[in-house]
Number of protein chains: 2
Amino acid sequence: MSLPHAILTALLEKPSSGLELTRRFDRSIGYFWSATHQQIYRELGKLEKAGLIRELPSDTPARGKRKAYEVLPTGRTELERWVGESEDPRPLRDPLPLRLRAAGVVGIGGLVGELRRHRALHAAQLEEYRGIEKRDAARERGTEQDRVQRLVLRAGIDMETFWVAWLDEAIGELEGLGGAAGERRPRA
Amino acid sequence: MSLPHAILTALLEKPSSGLELTRRFDRSIGYFWSATHQQIYRELGKLEKAGLIRELPSDTPARGKRKAYEVLPTGRTELERWVGESEDPRPLRDPLPLRLRAAGVVGIGGLVGELRRHRALHAAQLEEYRGIEKRDAARERGTEQDRVQRLVLRAGIDMETFWVAWLDEAIGELEGLGGAAGERRPRA
DNA sequence: CTTTATTTTGCAACTTGTTGCATAATGTGG
DNA sequence: CCACATTATGCAACAAGTTGCAAAATAAAG
């Protein structure tokens with residue numbers, strides 16, 4: 001149950017409307033917890049009904065009208081509770097190693113091309129993180145929040161670095177091997 | 001939609017019953033795609049109805065009786081199709097960096113202990129992978145399937161290595177800082 | 001052979017996440 | 001001010017994953 005807490009965090013950093021939140025989930029927050037606008041609107045409704053956030057009082061309420069939310073003390077308390085909670089790392093679910101394993105059984109097919117494509121995507125993401133890190137380092141404020149943010153960013157950088165390195169290894173190991181799609185696995 | 005293909009792969013490697021599959025998902029396959037026995041039984045039903053697998057003919061069919069499945073040619077074809085498919089990496093969803101970010105806003109609380117706990121879990125997983133790698137390297141057969149398997153294992157090792165390294169960095173950076181729960185973030 | 005525990009399969013209800021579309025407000029060009 | 005795109009919110013149906021429990025076969029104990 002991380003989505004509500006992701007939203008609480010985002011709203012504490014800055015009160016926002018549903019769409020603003022969606023945008024922020026496409027940038028920084030979503031780097032570790034993605035969410036569609038549907039999920040966000042639904043969750044905002046739940047959080048409001050639960051009394052953890054409230055609509056910032058503005059003008060007339062209506063559909064299609066911007067609604068900004070802020071976190072109530074109850075919401076902040078709940079977030080503190082969640083931060084201190086004990087929760088096991090969730091079992092990882094990634095289709096790519098899975099497909100590689102399947103390829104070991106039915107033949108490599110065109111998978112190397114796909115690996116190259118993924119390598120490019122991860123490299124691009126890595127570049128984006130590096131750009132953010134460079135900009136952040138320039139500020140050099142050093143509050144606790146800044147240091148924590150930097151750690152989170154580092155996780156992103158290290159993770160993408162891992163992917164690029166692993167994909168390079170995999171591509172190197174596989175290229176020139178399997179070749180055509182649908183063929184039987186050769187003996188060596 | 002990776003679960004059916006994970007099951008097809010597992011069944012191609014070795015025809016199994018639902019419970020056997022569940023066990024294998026707790027070991028090797030589940031390292032990259034976990035699944036509960038419920039998911040597996042349900043999916044086996046679907047796959048059978050779709051004509052991709054069939055029950056291995058044995059004796060009388062009944063509830064609570066072991067049923068083993070094998071993959072039909074249609075199933076193999078479908079798996080080949082999936083391996084050659086183009087599919088973007090799924091947006092990553094990990095609660096831990098998220099909690100760290102939240103901690104940046106509401107205070108570190110007891111999070112460092114939690115980081116240590118996760119470090120231990122990841123280190124244990126890493127050890128397990130290393131053990132498997134050592135045993136696998138001993139065989140040294142070198143078929144395509146072996147090499148692919150080794151790559152998958154390497155992904156697991158590198159991933160856990162990343163986690164352990166990152167957690168060490170995070171613990172080092174944070175310990176002695178936040179301390180008590182619920183306190184305001186200090187300026188530096 | 002009956003009771004009890006374990007193994008194996010499965011149903012049902014629930015939560016979380018995805019997809020497609022609908023609707024209202026707002027902005028823009030004619 | 002009317003048509004049209006864009007912004008912003010939201011419903012509904014679905015798909016995937018989780019949790020709790022039940023029930024049939026089998027094994028073990030008395």
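Since we're looking at a predicted model, the values are computed, not measured. Here is the naming used below: chain letters follow the sequence lines, and residue numbers restart at 1 for every chain. Just the heavy atoms: all of them, side chains too, but no hydrogens, waters or symmetry mates, feed the values below.
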Which of D:dA16, D:dA8, C:dG17 is nearest the side chain of B:M1? It is D:dA16

Of D:dT9, C:dG17, C:dG10, the nucleotide closest to the side chain of A:W33 is C:dG17

B:E20 CD to C:dT8 C1', in whole Å, measures 11 Å

Side-chain N or O of A:R90 closer than 4.0 Å to phosphate OP1/OP2 of D:dG17 = no

**Prompt:** With no hydrogens and no angle check, do the side chains of A:D158 and A:T161 hold a donor and an acceptor under 3.5 Å apart?
**Reply:** no

Residues B:E20 and B:R24 bridged, charged N to O under 4.0 Å
no

Separation of D:dT6 atom P from A:L19 atom CG, nearest Å, is 15 Å

Transitively linked via ILVMFWY side-chain contacts under 4.5 Å: B:Y31 with A:L92?
-> yes

Rounding to 0.5 Å, atoms OG1 (A:T74) and CD (A:E78) come to a distance of 10.0 Å

Here the distance between atom P of D:dA8 and atom CZ of A:F25, to the nearest Å, is 17 Å

In short, side chain to side chain donor-acceptor pair (under 3.5 Å) pairs touching residues 38-48 of chain B with sequence neighbours left out are none

Separation of D:dC11 atom P from A:E43 atom CD, nearest Å, is 14 Å

note: A:Y69, atom OH; D:dG10, atom C1'; distance rounded to Å ~ 10 Å

- Task: Give a yes/no answer on whether the side chain of A:Y41 brings an N or O atom under 4.0 Å of OP1 or OP2 in D:dT9.
- Result: yes

Lys/Arg-Asp/Glu bridge criterion (N-O < 4.0 Å) met for A:R116, A:E175:
yes

Separation of D:dA16 atom C1' from B:H5 atom NE2, nearest Å, is 15 Å

When rounded to whole Å, the CG to P distance for the pair A:L47 and D:dG10 reads 13 Å

Across all chains, not counting sequence neighbours, the side-chain contact (heavy atoms from CB on, under 4.5 Å) partners of B:P89 are A:H118, A:L121, A:H122

- Name the nucleic acid region contacted by B:S17, choosing base, sugar-phosphate or nothing; use a 4.0 angstrom heavy-atom cut-off, strictly under. sugar-phosphate

When rounded to whole Å, the CD1 to P distance for the pair B:I7 and C:dT9 reads 13 Å

Nucleotide N/O of nucleotides 18-20 of chain C paired with protein N/O under 3.5 Å:
{"from": "C:dT18", "atom 1": "OP2", "to": "A:Q39", "atom 2": "OE1", "distance (Å)": "3.1"}
{"from": "C:dT18", "atom 1": "OP2", "to": "B:R93", "atom 2": "NH2", "distance (Å)": "3.0"}
{"from": "C:dT18", "atom 1": "O4", "to": "A:R42", "atom 2": "NH2", "distance (Å)": "2.8"}
{"from": "C:dG20", "atom 1": "O6", "to": "A:Q38", "atom 2": "NE2", "distance (Å)": "2.5"}

message = Can you see if the side chain of A:K46 gets near the phosphate of C:dT15 - specifically, an N or O under 4.0 Å from OP1 or OP2?
response = no

